[in-house]
**Q** 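Structure provided below as structure tokens; questions to follow.
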Amino acid sequence: MIILRDISSVTAAISQARREGKTVGFVPTMGFLHQGHLSLVRQARMENDLVVLSIFVNPIQFGVGEDYEEYPRDLDSDSSKAEEAGCDLIFYPTTAEMYPQGYATFVDVERLTENLCGASRPGHFRGVTTVVTKLFNIVKPHRAYFGQKDAQQVLTIQRMVQDLNMAVAVKIMPTVREADGLALSSRNTYLSTAERAAAPILYRSLLAVVAKITNGERDANSLLTYLHDAISAEPLAQIDYISIVDTADIKPVSTIDGPTLIALAVRFGKTRLIDNIIVEV
Ligand code: PAF
């Protein structure tokens, strides 16, 4: 496995692989890899000849007062984990390499980014879609792999790829969870022992809502009330949002009818956790 820091070396390596007729699978990350990221690398390994992973803590997707500075970073551990999972090349650029002096171009997906995390974190998705566009242009992957945990992110990227005619297949892989249901996230390391013990309430509550839908409940308001009450019962949980939206436009629905995203963001102390379930009815 090789680690490259400059864009020209990455494009040279990828052009060579593509000239040889190899397919390229790509896993964009911000590093501090966990089993969720590694499941994406393993999937990419199964489906492609060359597997590329990027590690870049993208400053433009963090708002003022968010955790850009303290976001966990550990290249040594990341590179051994990535190699073991089957990665061939890590792209690990500097901020100056990605956003040189005079940088002025941004990609903005409208509508799908208005609600959920888009409302709580203004400018976040503009930062994500801009960096993902740049990474796609540099890596030129045939397939790119994202986790369902960041459901709004991946639905937005799928929309962008379709709208801008990008020649990449976006693959959504299932959320990887701890044994007690907590979705894996690099930010879980911020949780205190008490917060970590409380956090599985999120997935438990989502599963309870799915059970209600399976039993015939279709009214989004009563499901939202149930979720609010279940999560508020945990004293360490501070709800940022709980929403029930359609998966096409990420707009609130009043009735569960068709593919529906049940998504939430909840703070435990200084840590903001997100989770979701998609139901097909
Ligand atoms: O999901 C992430 O880790 C980031 O948002 C991504 C897609 C790597 C863009 O910085």
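Just so you know, ligand 1 is whichever comes first in the structure, and atom 1 is the first atom listed for that ligand.
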**Q** Can you confirm, on distance only, whether ligand 1 has an N/O atom lying under 3.5 Å from any N/O atom belonging to Thr29?
**A** no
**Q** Out of Asn58, Ile60, Thr130, Val131, which residue meets the side-chain contact (heavy atoms from CB on, under 4.5 Å) rule with Met98?
**A** Val131
**Q** With atoms numbered from 1 as shown, which atoms in ligand 1 lie under 4.0 angstrom from a non-hydrogen atom of Gln153?
**A** 1 (O), 2 (C), 4 (C), 5 (O), 7 (C)
**Q** Which atoms of ligand 1 have any heavy atom of Met30 under 4.0 Å away?
**A** 3 (O), 4 (C), 10 (O)
**Q** I'd like to know if the side chain of Asn276 reaches the main chain of Gln148, judged simply by a donor and an acceptor atom lying under 3.5 Å from each other, with no hydrogens or angles considered.
**A** yes
**Q** Report the C-alpha separation of Asp219 and Thr255 in whole Å, then their side-chain angles, then the decisive distance to 0.1 Å, and conclude whether the side chain to side chain contact (heavy atoms under 4.5 Å, CB included) test is met.
**A** CA-CA 5 Å; Asp219 181 57; Thr255 306; 5.7 Å; no
**Q** Give yes or no for whether the N/O distance cutoff of 3.5 Å, strictly under, is met between Gln61 and ligand 1.
**A** yes
**Q** Within the side chain of His124, is there an N or O that forms a donor-acceptor pair under 3.5 Å with the backbone of Arg121?
**A**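 Not at all, since once roles are kept as given, no pair shorter than 3.5 Å links the two residues.
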**Q** Should you measure from each heavy atom of Val131, which atoms of ligand 1 turn up under 4.0 Å away?
**A**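 Taking each heavy atom of Val131 in turn, ligand 1 has 9 (C), 10 (O) under 4.0 Å.
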**Q** Any donor-acceptor pair under 3.5 Å linking the side-chain atoms of Gln35 with those of Arg177?
**A** no
